[in-house]
Amino acid sequence: MNAAPHNPSEVSTHGSVPCELLHVTTFDDVNCDGRSSGRGEVGRIIRRVEATGSTNADLGRMANEDPSLPDGFVLVADRQTAGKGRQGRSWSSPPLSGLTFSVLLKPDVPPLRASTLPLVVGLSVAQAVSGLVPECHVGLKWPNDIQIDGCKLCGILCEMRAEGDRVRHIVAGIGINVNLSVTDMPPEIAAIATSLSIAAGHSFDREKVLDAILLSLEETYLRWLTQGFDSLRPEISKFDILRGNPVTIECGAKTLSGIAYGIAPDGALMVLKSDGTMEPVYSGDAHIVSHSNSDLP
Ligand code: BTN
């Protein structure tokens, strides 16, 4: 759920962000079901707080202060008082019915390569959600909104810190509407948002939702590290709800219109303009103007 301006880009480089952890009720390091993979890092350590401003701001600050904080460290909050969204918006969700958490990723890659990570995180969530609600149509709206039947279920905010030509860390923040009912949502949001419980008609265990997303992220992140973004593009394409549709993209003061033509190897959304040229778009908000039946190659 989005509102007021805050942070200018979906993958932004920031310094240390002052933000207090408010009430730390539990400080448990949880080994989620003991799973392990070649890397096995995502979700190996989960820190849980009852309330905070923003898990993204906290985790960014923690990673700046403690360079030994491991790849895959997760910070979960039951309640956020200053949740940050993409494009300078805020993110709010009622305590305990939504899931708000941030994952620390520390790939040893140049910043340019990391620009595809928001899509990788989006794919991971889309895959996990389709496993949780197999009866629903789950979509990925570039760069990384997750939708069910055209309504927003989940938003992702990735913030990067780089030094020189290396990434120091990326904080991938995920906000997902788990057990929200329509009355939990502000009226202006209710028509365009959904939750897992609304979509499936029953409530979900938030721990299990978290675990499914972390497991999926671990697998997808490992593939991205070892085989590259290109190996994930066919799966992204399957979830891509923009592909083949007329779209407008708002990027800052500029608005671009055309047909969404899929995701390029560098993560850009390719837009076929009316003059026949193709334009790559690297950040912005995309809207489907009308649904098309056209099949793209
Ligand atoms: C968006 O759709 O605009 C992205 C929303 C991202 C929200 C999540 S909630 C957990 C993490 N902490 C934040 O402050 N923001 C992200």
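As the structure lists them, so they are numbered: ligands from 1, and atoms in each ligand from 1. Values in this document were obtained by computation on a predicted structure and should not be read as measured data.
Taking every non-hydrogen atom of S54 and a distance limit under 4.0 Å, the qualifying atoms of ligand 1 come out as 12 (N), 13 (C), 14 (O). Listed by atom number, the atoms of ligand 1 under 4.0 Å from G175 heavy atoms are 8 (C), 9 (S). With ligand atoms numbered from 1 in the order given, ligand 1 contributes 1 (C), 3 (O), 4 (C), 5 (C) to contacts under 4.0 Å with heavy atoms of G85. The atoms of ligand 1 that sit less than 4.0 Å from any heavy atom of G83 are 14 (O). In summary, the atoms of ligand 1 found under 4.0 Å from a heavy atom of D145, numbered by their order in the structure, are 2 (O).
Side-chain contact, N56 with E159: a donor N or O sits under 3.5 Å from an acceptor N or O. Side-chain polar atoms of D58 and T55 form no donor-acceptor pair below 3.5 angstrom. Using modelled atom types and a 3.5 Å distance limit, the side chains of R206 and N179 yield no donor-acceptor pair.
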Test side chain to side chain contact (heavy atoms under 4.5 Å, CB included) applied to T220 and L232, step by step = CA-CA 8 Å; T220 315; L232 298 168; 3.9 Å; yes
message = Checking H287 against E250 for the side-chain hydrogen bond (donor to acceptor under 3.5 Å, both in side chains) test, could you report, in this order, the C-alpha distance in whole Å, the side-chain angles of both residues, the deciding distance, and whether it holds?
response = CA-CA 8 Å; H287 309 281; E250 291 166 39; 3.1 Å; yes
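Under a cut-off of 6.0 angstrom, the local environment of NZ in K273 is crowded, with over 12 non-hydrogen atoms contributed by other residues, nucleotides or ligands. A 6.0 Å sphere centred on CG of L96 holds more than 12 heavy atoms belonging to other residues, nucleotides or ligands.
Contacts between I156 and ligand 1 below 4.0 angstrom, taking non-hydrogen atoms only, involve the backbone exclusively. Under 4.0 Å from ligand 1, the heavy atoms of S102 that appear belong solely to its side chain.
An N or O contact shorter than 3.5 Å links R86 to ligand 1 by distance. Here's the thing with T55: one of its N/O atoms is less than 3.5 angstrom from an N/O atom of ligand 1. In terms of polar-atom proximity, defined here as any N/O pair under 3.5 Å, R89 makes no such contact with ligand 1.
A cation-pi arrangement, defined by a distance under 6.0 Å to the six-membered ring centre and an angle within 45 degrees of its axis, is absent between R243 and W142.
Proximity of K152 to ligand 1 is established by a heavy-atom distance of less than 4.0 Å.
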